[in-house]
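Note that the coordinates shown come from a computational prediction; the quantities given were computed from them, not determined experimentally. Heavy-atom basis, side chains included; hydrogens, waters and symmetry copies ignored.
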Amino acid sequence: MNSCGLVVEMIYAIIRAMWKKILLGVCLVVCISGGVLFFFLHETRPLTGLVRDAMTHAPIANAQIMVADRATTTDAAGAYRVEIPRGKFDLTLQADGYDPGRAQVLGDDLFARAFSLDLELEPNRVIVRVQDAESKTPLANTQVMISDRPVPTNAAGLIELRNVKLGTPFAAQLPGYQPATAAFDGQNPVELGLLPLSVSVRVIDQYTNQPLANVTVQADTQTVASDAQGRVTLWRVKPGAQIRAAKPGYDSATATFTQGELQLTLRPNVLAGSVTDAATNQPISGTLVYLGSTIVTTNAKGEYRLENVPAKATLIFKAPGYRKTELTISQVARRDLKLAAFAAQGVHLPFGATPEHFREVISLIDKTELNALVISVKAEKGRVAWDTQVPLAKEIGAPALHGVDLKHVIAQCRALNIYCIARLPVFQDNLLANARPAQAVRYANGALFTETNGQQWLNPFVQENWNYNIALAKEVAALGFDEVQFDYVRFPGRTNGLVWGAEYTEDARIAAIAGFLARAQKELRSTGVFISADVFGLTTATDDDQHTGQRLRDLGPYVDYVCPMVYPDTWVDAADLLLRGLQIRNCTEATKCPYEVIFNSYKRAAEKTPTKIRLWLQAYSGRGDFGVAQYRLQKKAATEAGSVGWMFWSGGGTYDPRMFDASKP
């Protein structure tokens, strides 16, 4: 090795030795510096403080604090302690029921001086929204239970809350809706959708159990019509709400809603039906149907309709030519009725008849074809046979109770199924004429008009006379008679020198008599009694009023029966009318042809009025040789002509039993 190489080698050795020392020193410096730096960087100082509610300043326990990757929790007093290194850090703060909080911490400041950091949290603000789950309409005044505290929603369906804890339960309840619940899990707003309560209502007919369509069903402000199945659905119905169903022709029904389906039963309050003849099945038009104070009339088809009928009711059917029929209906909406034809076949019992006389006549009726009794309850002189309460009748002393008791008469007639007719003379009335001369028929000098037989008359133009007799008729009807028969419902006839206080023309006379009967019909209608009027037999043969005010076509509309008194004996002074009026040939003396007089009288009367006609027949000898054979001929003629029954007149009320058949009609 040359010297040059040794030198290089020596230098290299020296450098290598020095390098090792330098490297060792550097390593030592680095290690010492790193240790110092590590200690510096990890050195901490405690940060303490209190966490309070920003609104109440109350301490907040269990608040979570995060800073410099370190976490801590406040104690019950809201105090915390956390070690903070040097540096600048973000501190986050959370507590249940509060909005999150943030703060900045400078760790270096803690090394310069110790200090505490108090923090505040704002209570969270939570909105609760309550609305209709279907319509999304806000629900005001909804009670929301928040834990155990009730809070109502405002007009917008909202509640604003503070400091709401996680898991807080909400329960909303509003009448007409299903309850809704929710728990707070941080959502904001808290949505509570309430499903409307619905109730299904079914409406049926009480009598048929069939569904009813087009029924108006109401609950609170809702009004809905039922469908073809009688069903309707109502929404938002509050428990306890009254649900009402109504339909024309039915009683309304109301029920209280609790829950589930509801059934309402409507009772029909309309009764309909038809009235027909039991023998012919033909409709009976003009039948009066009574339900209490309600009266309806059957139409041309015999149909009737009554409204507001109670569940149980008594109906009365009244048609001329038929017996009045009473029946009870219950739980029905239709009642058809067949009426059996009835023709009264009666005899007359005079005013003041004794009980013995009454028993004799009743026995005769009971044993023969007779089925009716006509009893005079008022005398032509003006006395009445019952204890009337009509003030004027009491004032003039009209009651005369010496004869048979009318209540007994009616009771006996009912027991034996005898049709009972009360005969009531109207304008022939001596008692009232003398007590009230201004109401009587008078001469110009004021003297009362008096017939040769002593009878005196009331003026048919005077309304007070109408009122008086109608008041009496009402009492008679109330006693229980089947029929009120007005007799002497006329003017006296052709007489000169009388003062009437009104225009005395045929039209005026007819209007007065028809007016009285029309008033009587109207005022007696509610009693259900039949009304008849006795008329001159001559009215069947003439078209004028014969100065009586009686013309069949004008009087017929106001009575159930027109009763012409067609006694052959009364035609003696009107022989010319036998041919000219009754169209009877080869008969100039009526008592010699009683069959033809009766038969043709009915036929001519039927041409003048559609009203039912029941003839009065003669049961006294009169001016001719009249006896049982003639009586029976009259009866035969009336029946064959079509008279709706017949009545025999005997002023004394005596009758030969041979006049009548033994069998009942």
Side-chain angles (χ1 to χ4, degrees), residues 46-84 88-107 110 115-133 135-195:
L47 176 64
T48 60
L50 295 175
V51 179
R52 294 188 177 89
D53 185 299
M55 296 180 67
T56 66
H57 305 297
I60 301 174
N62 298 316
Q64 295 179 346
I65 299 171
M66 289 288 297
V67 60
D69 296 327
R70 291 170 172 80
T72 188
T73 303
T74 59
D75 61 18
Y80 71 92
R81 175 188 175 90
V82 63
E83 296 292 328
I84 302 296
K88 183 178 180 180
F89 304 100
D90 287 330
L91 181 147
T92 61
L93 178 61
Q94 289 185 331
D96 193 9
Y98 293 87
D99 289 336
R102 298 180 68 87
Q104 196 170 70
V105 177
L106 297 176
L110 286 173
F115 63 88
S116 62
L117 179 62
D118 291 339
L119 302 169
E120 289 186 340
L121 286 179
E122 290 282 344
N124 60 9
R125 176 179 176 274
V126 176
I127 299 298
V128 179
R129 178 184 294 141
V130 184
Q131 59 187 7
D132 186 301
S135 68
K136 306 304 179 185
T137 303
L139 297 176
N141 298 314
T142 303
Q143 287 293 327
V144 181
M145 291 297 295
I146 303 168
S147 296
D148 58 354
R149 178 170 59 104
V151 181
T153 59
N154 62 18
L158 302 176
I159 298 173
E160 182 177 323
L161 302 172
R162 289 281 191 159
N163 197 213
V164 181
K165 310 292 186 185
L166 290 173
T168 297
F170 298 90
Q173 193 165 19
L174 183 67
Y177 289 85
Q178 298 178 29
T181 60
F184 181 60
D185 61 2
Q187 76 274 33
N188 199 358
V190 176
E191 301 280 3
L192 289 170
L194 274 61
L195 283 170

Could you tabulate the donor-acceptor pairs under 3.5 Å formed by side-chain atoms of residues 55-63, not counting sequence neighbours?
from, atom 1, to, atom 2, distance (Å)
Thr56, OG1, Ala58, N, 3.2
His57, ND1, Glu120, OE2, 3.3

Taking atom [atom1] of [X] and atom [atom2] of [Y], what is their separation to the nearest 0.5 Å?
X	Y	atom1	atom2	value
Ile84	Leu91	CD1	CG	7.0 Å
Thr168	Ile146	OG1	CD1	8.5 Å
Leu93	Asp99	CG	CG	11.0 Å
Leu117	Leu110	CG	CG	9.0 Å
Gln143	Gln173	CD	CD	9.5 Å
Thr48	Tyr80	OG1	OH	6.5 Å

Practice task
Check salt bridge (Lys or Arg N to Asp or Glu O under 4.0 Å) between Asp96 and all other residues, then give those that pass, not counting sequence neighbours.
Solution key: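 With neighbours one apart ignored, the set is empty.
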
Problem - Results of salt bridge (Lys or Arg N to Asp or Glu O under 4.0 Å) for Arg149 - residues two or more places apart only - result: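 Expected list: none.
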
Counting distance only, does the side-chain N/O of [X] pair as donor-acceptor with the main-chain N or O of [Y] below 3.5 Å?
X	Y	result
Asn188	Ile127	yes
Asp90	Gln104	no
Thr153	Leu139	yes

Quick one: which residue pairs count as a salt bridge (Lys or Arg N to Asp or Glu O under 4.0 Å) with a foot in [range], not counting sequence neighbours?
range	answer
residues 185-195	Arg129-Glu191
residues 46-55	Arg52-Asp118
residues 159-172	Arg125-Glu160

Exercise for the section: Answer yes or no: does atom CD of Gln94 have more than 12 heavy-atom neighbours from other residues, nucleotides or ligands under 6.0 Å? Expected result: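 No - once you tally the heavy atoms of other residues, nucleotides and ligands closer than 6.0 Å, there are 12 at most.
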
Handout entry: Heavy atoms of other groups near Glu83 CD, more than 12 under 6.0 Å
Key =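 Atom CD in Glu83 is packed in, count exceeds 12.
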
Please report the shortest heavy-atom distance between [X] and [Y], naming the atom on each side.
X	Y	value
Ile159	Pro152	CG1-O, 3.6 Å
Gly101	Leu121	N-CD2, 3.6 Å
Leu119	Ala103	CD2-CB, 4.0 Å
Leu194	Ala180	CD1-CB, 3.8 Å
Arg102	Thr92	NH1-CG2, 3.6 Å
Gly167	Ala183	O-CB, 4.3 Å

Problem - side-chain contact (heavy atoms from CB on, under 4.5 Å) between Tyr98 and Val51, intermediate numbers included - result: CA-CA 12 Å; Tyr98 293 87; Val51 179; over 6 Å; no

Handout entry: Side-chain heavy-atom pair Leu158, Pro138 within 4.5 angstrom cut-off
Key =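 The answer is no, as the side chains (C-beta and beyond) never meet within the 4.5 Å cut-off.
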
Handout entry: 4.5 Å side-chain heavy-atom contact, Gln131 and Lys136
Key =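 Yes. Closest side-chain heavy atoms under 4.5 Å.
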
Practice task
Report the C-alpha distance between Tyr177 and Thr142 in whole Å, list the side-chain angles of each, state the deciding distance to 0.1 Å, and finish with yes or no for side-chain contact (heavy atoms from CB on, under 4.5 Å).
Solution key: CA-CA 10 Å; Tyr177 289 85; Thr142 303; over 6 Å; no

